[in-house]
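Here is the structure we will look at, set down as structure tokens.
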Amino acid sequence: APKAGTGTASPRFNATHRNQRTCSDYHGKAQQMGVLFTIKVALPKDIPLSDTELCSVVANGLENALLAASQPEVDDKWVKFNCEVRHNKIFLQIKNTYAGNVVIRNGLPVSGRKGHGYGCRSIESIVQCNGGLCSFEADNGLFTLLLVIPIKKKKKNALCSSRRRPTVQGISVYNFI
């Protein structure tokens with residue numbers, strides 16, 4: 001088995017250059033943090049999410065996962081990122097180990113740190129604007145972010161148009177953590 005910090009980059013990553021760069025950046029960050037990071041991404045070029053939306057979802061999800069998995073209390077430090085098309089839907093899953101208790105309120109993890117907690121709300125908002133569903137689950141040291149978005153482009157909610165992005169307490173949903 002690979003040692004912590006020896007993450008694997010996927011040769012199947014065929015999304016946009018910008019999203020390749022996002023995954024590459026987090027792969028390097030995982031190595032520096034001593035976290036095993038595995039990636040499997042295979043997306044067609046034409047998906048309902050913009051590059052900005054996809055980067056925001058991926059960056060927020062991976063940032064949270066790496067932060068949780070890298071904590072000193074976590075014995076088995078790893079993050080698994082899978083993103084592909086299944087049954088004409090984008091299926092994105094990020095799993096990671098963690099230590100301690102995760103509080104989930106109204107379907108979202110609650111951050112106890114001041115100035116944090118917007119990333120998961122941002123993910124939820126982007127997914128909902130694109131007609132999808134997402135879930136955040138924490139169970140016995142394993143955290144899972146799962147989202148499913150229909151591949152067929154549907155008309156976005158008026159609040160999700162490029163002119164009026166939804167905000168969470170005044171912060172654009174596209175901001176990173």
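All values below were derived from every heavy atom in this structure, side-chain atoms included, with hydrogens, water molecules and symmetry-related copies excluded.
In this structure, R105 has no side-chain hydrogen bond (donor to acceptor under 3.5 Å, both in side chains) partners at least two apart in sequence or on a different chain. For A65, the side-chain contact (heavy atoms from CB on, under 4.5 Å) partners two or more places apart in sequence, or in a different chain, are V79, I94, N96. Every side-chain hydrogen bond (donor to acceptor under 3.5 Å, both in side chains) that K29 has, sequence neighbours left out, goes to E63. Remark: D139 pairs with no residue by the side-chain hydrogen bond (donor to acceptor under 3.5 Å, both in side chains) rule, at least two apart or across chains. Under the side-chain contact (heavy atoms from CB on, under 4.5 Å) criterion, Q93 pairs with F91, K95, T144, L146, sequence neighbours left out. Residues meeting the side-chain contact (heavy atoms from CB on, under 4.5 Å) test with N88, sequence neighbours left out: I151, K152. A99 pairs by the side-chain contact (heavy atoms from CB on, under 4.5 Å) definition with E73, V74, not counting sequence neighbours.
For the pair F81 and L92, the minimum side-chain heavy-atom distance is below 4.5 Å. Using a 4.5 Å heavy-atom threshold, the side chains of P109 and V103 count as separate. You'll find the side chain of L54 stays beyond 4.5 Å of the side chain of S50, heavy atoms only. In this structure the side chain of W78 never reaches within 4.5 angstrom of the side chain of T38, judged on heavy atoms. Looking at heavy atoms from C-beta onward, K77 lies out of side-chain contact with L36 at the 4.5 angstrom threshold. Here the side chains of P48 and I90 are in contact, with some heavy-atom distance below 4.5 Å.
Here C120 contributes atom SG and N64 contributes atom CG; the two are 4.5 Å apart, rounded to the nearest 0.5 Å. Interatomic distance, L43 CG to E84 CD, rounded to the nearest 0.5 Å: 9.0 Å. For the atom pair E124 CD and N106 CG, the distance stands at 9.0 Å (nearest 0.5 Å). We find the CG-NE2 distance between D25 and H27 to be 11.5 Å, quoted to the nearest 0.5 Å. To the nearest 0.5 Å, atoms SG (C129) and CG (L49) are separated by 10.5 Å. The OH atom of Y26 lies 15.0 Å from the CD atom of Q31; values are rounded to the nearest 0.5 Å.
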(message) Applying side-chain contact (heavy atoms from CB on, under 4.5 Å) to K89 and I149, what does each step give before you reach the verdict?
(response) CA-CA 5 Å; K89 293 176 178 60; I149 299 173; over 6 Å; no

(request) May I have the step-by-step check of side-chain contact (heavy atoms from CB on, under 4.5 Å) for N82 and V41, ending in yes or no? (result) CA-CA 6 Å; N82 181 40; V41 178; over 6 Å; no

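Under the 30°/60° scheme for interplanar angles, the aromatic rings of F143 and Y98 are found to stand perpendicular.
Other residues, nucleotides and ligands contribute over 12 non-hydrogen atoms within 6.0 Å of the CG atom of D76.
Looking at V127, I123, N130 one by one, the single match for side-chain contact (heavy atoms from CB on, under 4.5 Å) with E53 turns out to be N130.
In this structure, S70 contributes its side chain and L66 its backbone to a donor-acceptor pair below 3.5 Å.
The hydrophobic cluster containing V148 does not contain V58, counting ILVMFWY residues as joined when their side-chain heavy atoms lie under 4.5 angstrom apart, directly or transitively.
Heavy-atom minimum distance, I104 versus A138: CD1-N, 3.9 Å.
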